[in-house]
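Every chain is numbered from 1 and lettered A, B, ... according to where its sequence line falls, protein lines coming before strand lines.
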Protein chains: 2
Amino acid sequence: MSPEPLTAERILEATEEVLRRHGPGKATVVDVARALGVSHGSVYRHFGTKAALREAVTKRWLDRTADELRHIAGRREQSADGVLRAWLAALFAAKRQKAGGDPELFATYEVLLDGSSGVVAAHLADLVGQLTVIVEAGVARGEFTAVPGGAAATAEALFHATSRFHDPAHAPEWSRPGIGDAFEATVELLVRGLTATAGREPGRSRGH
Amino acid sequence: MSPEPLTAERILEATEEVLRRHGPGKATVVDVARALGVSHGSVYRHFGTKAALREAVTKRWLDRTADELRHIAGRREQSADGVLRAWLAALFAAKRQKAGGDPELFATYEVLLDGSSGVVAAHLADLVGQLTVIVEAGVARGEFTAVPGGAAATAEALFHATSRFHDPAHAPEWSRPGIGDAFEATVELLVRGLTATAGREPGRSRGH
DNA sequence: CAGATGACATTTATCAATTTCTGTCAGCCG
DNA sequence: CGGCTGACAGAAATTGATAAATGTCATCTG
């Protein structure tokens with residue numbers, strides 16, 4: 001009655017399916033076990049806790065996006081400006097697609113996200129790391145000027161400055177009409193800031 | 001037994017006090033009435049609904065910050081760069097102070113905020129309006145270059161790009177050690193983008 | 001004996017009964 | 001007569017008893 005061996009991978013697939021069917025609130029590990037035709041005790045052999053199972057399935061979901069972006073960040077044949085724009089656009093597009101394509105599943109993962117802070121932190125660190133690579137490449141070419149604090153601080157600033165276009169908390173805005181223009185405007189402003197002439201005095205005039 | 005006439009203002013003060021005492025979940029309009037020594041029917045004479053009362057008290061709270069900032073936005077004796085930096089720093093400082101000074105009360109208003117979407121929208125529009133004034137002044141002086149879309153679109157981009165430092169959703173991060181540097185880095189990047197040489201080609205190189 | 005099972009204790013969710021709160025309004029009071 | 005009251009109906013929150021889920025582990029099975 002067990003055609004294939006019970007592997008972590010199969011459990012994760014079944015979990016995704018159960019989550020898609022029942023939603024985050026009503027998906028139990030008994031449901032997952034039933035979908036696989038095994039007892040729930042067997043699931044606990046692979047994932048010691050329900051939270052661990054949810055985190056694993058969340059990680060998988062996040063990694064899919066991160067891997068998609070990684071190869072853009074690695075491009076060297078293009079101007080840093082172009083790579084940065086492409087990467088940010090791809091990030092926005094990926095998130096928008098996930099939110100717009102299957103809203104219920106997206107809502108499910110939104111719930112899962114704030115139960116797996118460690119996984120999310122790692123994901124965000126990964127993305128900021130990719131941005132850091134892009135910024136460093138741009139600085140090396142003399143195209144970009146990093147802010148005081150270096151490429152890592154610059155990447156973090158870029159990431160947070162664009163959070164309206166990738167943070168799930170802002171997902172409701174992504175279907176608004178002017179959002180594409182707002183994205184363009186923000187990216188334009190940030191790219192201008194990065195490509196500002198290096199020799200110029202950064203302007204540290206204090207506020208009051 | 002009624003020393004002063006029952007005015008909307010007195011009700012709002014009592015409501016703030018009750019909210020501070022009981023928190024948003026357990027603050028009832030009967031509590032507010034009792035604090036004022038009147039029946040709850042009298043409160044309903046001034047605020048037709050509990051939601052209206054909560055919105056009014058929320059508006060008061062938000063307006064305090066907005067008014068503080070308004071006079072900074074109006075400064076003309078200073079460089080636009082300086083005004084912008086001062087305004088953003090004041091916004092961040094005000095929010096940080098509210099969140100750090102009385103965390104429980106801040107949490108209370110956080111709950112209130114997502115029950116009064118209209119009031120919040122108006123508040124955000126007000127702040128973006130102030131930023132627009134600053135950007136317009138900078139453009140008029142030849143200090144700033146707006147992004148395609150004009151001063152309003154630029155102001156909106158600035159506002160969203162700095163949301164990590166004023167959106168209550170990010171309040172937990174405001175007590176982290178490096179947050180001041182992160183703020184400086186972000187503002188630096190944005191100001192550079194605004195003050196970028198007007199003659200330069202904005203760089204519309206497409207991603208892929 | 002590696003891997004799965006299902007009975008079990010403990011925690012967490014569900015549901016209906018009961019209480020409390022919101023919002024209205026006819027009447028009271030100064 | 002303008003402003004306040006308090007009894008009331010319907011809506012929402014609380015409670016406590018019941019059911020279901022999580023996580024453990026001695027036992028079984030191939």
Side-chain angles (χ1 to χ4, degrees), chain A residues 1-59 107-108 110-112 114-119, chain B residues 1-59 107-108 110-112 114-119:
Chain A
M1 206 37 74
S2 66
E4 296 161 42
L6 185 59
T7 153
E9 186 59 25
R10 281 189 65 217
I11 293 175
L12 289 178
E13 266 160 37
T15 305
E16 275 195 354
E17 180 55 25
V18 169
L19 281 168
R20 184 173 282 114
R21 268 221 164 69
H22 297 70
K26 316 208 69 180
T28 76
V29 350
V30 174
D31 288 332
V32 173
R34 184 166 33 236
L36 289 161
V38 299
S39 80
H40 74 279
S42 300
V43 174
Y44 276 99
R45 172 166 301 280
H46 294 264
F47 297 94
T49 186
K50 188 188 185 178
L53 177 57
R54 285 164 75 126
E55 289 197 0
V57 86
T58 303
K59 182 172 183 333
T108 291
E110 240 178 311
V111 172
L112 258 52
D114 57 39
S116 13
S117 56
V119 169
Chain B
M1 206 34 76
S2 68
E4 295 161 41
L6 185 58
T7 154
E9 186 60 22
R10 281 190 64 218
I11 293 176
L12 289 178
E13 267 161 35
T15 305
E16 276 197 352
E17 180 56 26
V18 169
L19 281 169
R20 183 173 281 112
R21 271 223 162 67
H22 296 72
K26 315 209 69 181
T28 76
V29 348
V30 174
D31 288 333
V32 173
R34 184 166 33 236
L36 289 160
V38 299
S39 81
H40 74 280
S42 302
V43 174
Y44 276 99
R45 172 164 303 279
H46 294 265
F47 297 93
T49 188
K50 188 188 184 179
L53 177 57
R54 284 163 77 125
E55 289 197 0
V57 87
T58 304
K59 183 173 183 330
T108 291
E110 242 179 310
V111 172
L112 259 50
D114 57 37
S116 14
S117 57
V119 169

Can you name the atoms? Protein N/O to nucleotides 9-11 of chain C N/O, anything below 3.5 Å, with the distance.
none

Next on the checklist: Let me confirm one number: the CG-CG distance from Leu19(B) to Leu53(B), rounded to the nearest 0.5 Å.
Outcome noted: 8.0 Å
Next on the checklist: Below the 4.0 Å mark, does dT5(C) have OP1 or OP2 next to a side-chain nitrogen or oxygen of Ser42(A)?
Outcome noted: yes
Item to check | Partner set under salt bridge (Lys or Arg N to Asp or Glu O under 4.0 Å) for Glu55(B), not counting sequence neighbours | outcome: none
Checklist entry - Excluding sequence neighbours, so at least two apart, what forms side-chain contact (heavy atoms from CB on, under 4.5 Å) with Ser39(B)? => result Ser42(B)
Item to check | Pairs satisfying salt bridge (charged side-chain N to carboxylate O under 4.0 Å, His left out), at least one member in residues 39-49 of chain A, at least two apart | outcome: none
Checklist entry - Could you give the CZ-to-P distance, from Phe47(A) to dA4(C), as a whole number of Å? => result 13 Å
Checklist entry - Reading DNA chain D 5' to 3', which nucleotide is the first, and which the last, to come under 4.0 Å of any heavy atom in chain B? => result dC4(D) to dA7(D)
Checklist entry - Quick one: OG1 on Thr108(B) to CZ on Arg54(B), what's the gap to the nearest 0.5 Å? => result 9.5 Å
Item to check | Phe47(B) to Leu12(B) - nearest heavy-atom pair and separation | outcome: CZ-CD2, 3.9 Å
Using a 3.5 Å cut-off and no angle test, enumerate the donor-acceptor pairs between side-chain atoms of residues 20-35 of chain B and protein atoms at least two apart in sequence or in another chain.
residue	atom	partner	partner atom	Å
Arg21(B)	NH1	Glu17(B)	OE2	2.7
His22(B)	ND1	Val18(B)	O	3.3
Thr28(B)	OG1	Val30(B)	N	3.3
Thr28(B)	OG1	Asp31(B)	N	3.0
Thr28(B)	OG1	Asp31(B)	OD2	3.2
Asp31(B)	OD1	Arg34(B)	NH2	2.8
Asp31(B)	OD2	Thr28(B)	N	3.2

Item to check | Lys50(B): partners by side-chain hydrogen bond (donor to acceptor under 3.5 Å, both in side chains), with sequence neighbours left out | outcome: none
Checklist outcome for this item: Thr7(A) meets the side-chain contact (heavy atoms from CB on, under 4.5 Å) criterion, sequence neighbours left out, with Glu9(A), Arg10(A)
Distances for protein N or O near nucleotides 20-22 of chain C N or O, under 3.5 Å:
residue	atom	partner	partner atom	Å
dT22(C)	OP1	Val29(B)	N	3.3
dT22(C)	OP1	Lys50(B)	NZ	2.9
dT22(C)	OP2	Val29(B)	N	3.1

Checklist entry - For DNA chain C, whose closest nucleotide is more 5', that of Arg45(B) or that of Ala51(B)? => result Ala51(B)
Checklist entry - How long is the line joining NE2 of His46(A) and C1' of dA4(C), in whole Å? => result 9 Å
